[in-house]
Amino acid sequence: MTSSVIVVGGDEEDLSTKPLGRLSVFYYGVGHMLNDITASCWFTYLLLFLTQIGLSPRDAAIVMLSGQVADGFATIFIGELIDRFGHFKIWHAAGSALVAISFSSVFGGCLPCSILHNNSLTVETLSYSMFAAIFNIGWAATQVSHMAMVNCITLNSTSRVALTSSRNAFSMVANLGLYAIALVVFGVSKAGTKENTETQYRWIAYSSITVGCCFVVIFLMGTKEPRLRINLKETSRSRIPWSYWFRKILYYQVAMVYLLTRLVLNVSQAYLAFFVIDDLQMAQSAKALIPAIIYICSFVVSVMLQEIPWNGKRLKAYYCAGGIIWIFCGVSILLLPRSISSFMYAISVFIGIANALVLVTAISMQSVLVGSELGGCAFVCGSLSFLDKMSCGLALYVLQSHQSASPKVDVNIKQNFNFSVTRYGLGLVPAVCSLIGVVVTYFMELDSTILKPLCQPLLLE
């Protein structure tokens, strides 16, 4: 699908590779904040919330898995439709609306239970699974459209990384906003009963949706729909078949790195609150303060990454640096005794730095993979997101299924040190995934030059 755009004067190649202004980067960056703030609540508090209201760890894992599976298949389907028909902003707006409507039901209590007057655990599990699936379908539409826009806004490699860094920076702002909301809610109200627990998380959900929707409006008003020139000769905007990507070794390497990066971030985030409360027995405020420290550090690093001129070698170097930092953090968490639990605050600083380095560079590798082949950018984003959602859902399901039966092995009686599924999820899994990601990245061949543009992506004025 193409649209004609009239360009008055100027060299087309210069226009397509011209660095973007900071205002354009800002408007784009805030467009994923509703997704980010709800996803942060999803991965940080969903399993905790469901087990607190009476679901077993396995049932809670089923709810999480249903959402991840729905998200995974939706990314493939939506990515294909975006490649065929375009209209990034329409997909973004529709997905955001679905997220806003459905997310409150994920944390808002069991609506079918009230309608059917049946509070059985089976009905609760089915109810939360249904709304989790609906929420994740909307989330997928917003994510794929927003990520794919990067490649159609500009062909300038440094500007593409700047857009990704801005998106990641505002993701940190969204996460910090969530933990600020959670800190207030957990401090003001006490969760002595199931009803009080549901009320706590309902307020967190409503507040998150309100904040996120405000930034969606800013994005839709400030960002223009990307369009391409009509004089494309065989061109990068004509739809590219899936088999084209499957024949590229770089596709599998980038997919592996992105999958491992998401496993590191999502699995560690899901078990962070469990770890600080159950394993380290820290104060309740720690389940909001420690994540907040992580995201403050990630925000600072993400802003700094926008100022760097990028090429393939630097992407590899910064990803490997972040992966190595995560390996040391994972080992530290795995061996951290309860008696020096305060050391977790220092570890969280390095986790925040590592998260920003690996996430920004892993997403930017997708832009290097796509290059100027814009006809398949949504498929690339969708297919990689499919792998991400399915792997994270399965990993969390397996870990949660062993949660209640996890043996505790006392290694040091004085310090009451024990291995648990929570410790494995926050320490071992991210460390192993980071190690594999570093190895794959080291052998990856990324083009260090800016590819010659084949067409003119523009923001409509």
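Position 1 is the first residue of the sequence, and the numbers go up from there. Here the structure is a predicted model, which means the values were calculated and not measured.
A donor-acceptor distance shorter than 3.5 angstrom exists from the side chain of N35 to the backbone of W139, with no hydrogens or angles considered. W326 places no side-chain N or O within donor-acceptor distance of the main-chain N or O of A354, the cut-off being under 3.5 Å. Looking at T44, its side chain does come within 3.5 Å of a backbone N or O of S40 through a donor-acceptor pair. Side-chain atoms of Y271 do not come within 3.5 Å of backbone N or O of G427 as any donor-acceptor pair. A donor-acceptor pair under 3.5 Å is formed between the side chain of E225 and the backbone N or O of K89. T361 contributes no side-chain N or O that, together with a main-chain N or O of Y318, makes up a donor-acceptor pair within less than 3.5 Å. The backbone N or O of I333 sits less than 3.5 Å from a side-chain atom of R423, completing a donor-acceptor pair. A side-chain donor-acceptor contact under 3.5 Å links N175 to the backbone of S171. Judged by distance alone, with hydrogens and angles left aside, the side-chain atoms of R58 form no donor-acceptor pair with the main-chain N or O of Y397 at under 3.5 Å. Put simply, the side chain of D388 never gets that close to the backbone of L384: no donor and acceptor are under 3.5 Å apart.
The aromatic rings of F73 and F386 sit perpendicular to each other, their planes meeting at more than 60°, with 30° as the lower class boundary. Note on ring orientation: taking the six-membered ring where Trp is involved, the planes of W245 and Y251 are tilted (angle from 30° to 60°). Under the 30°/60° scheme for interplanar angles, the aromatic rings of F26 and F170 are found to stand perpendicular.
Here the two rings, on Y45 and F186, have centers that are under 6.0 Å apart. Proximity of the aromatic rings of F103 and F107 is defined here by a centroid distance below 6.0 angstrom, and this criterion is met.
For the pair F219 and Y27, the minimum side-chain heavy-atom distance is 4.5 Å or more.
How far CG of L399 is from CG of L426: 11.0 Å, rounded to the nearest 0.5 Å.
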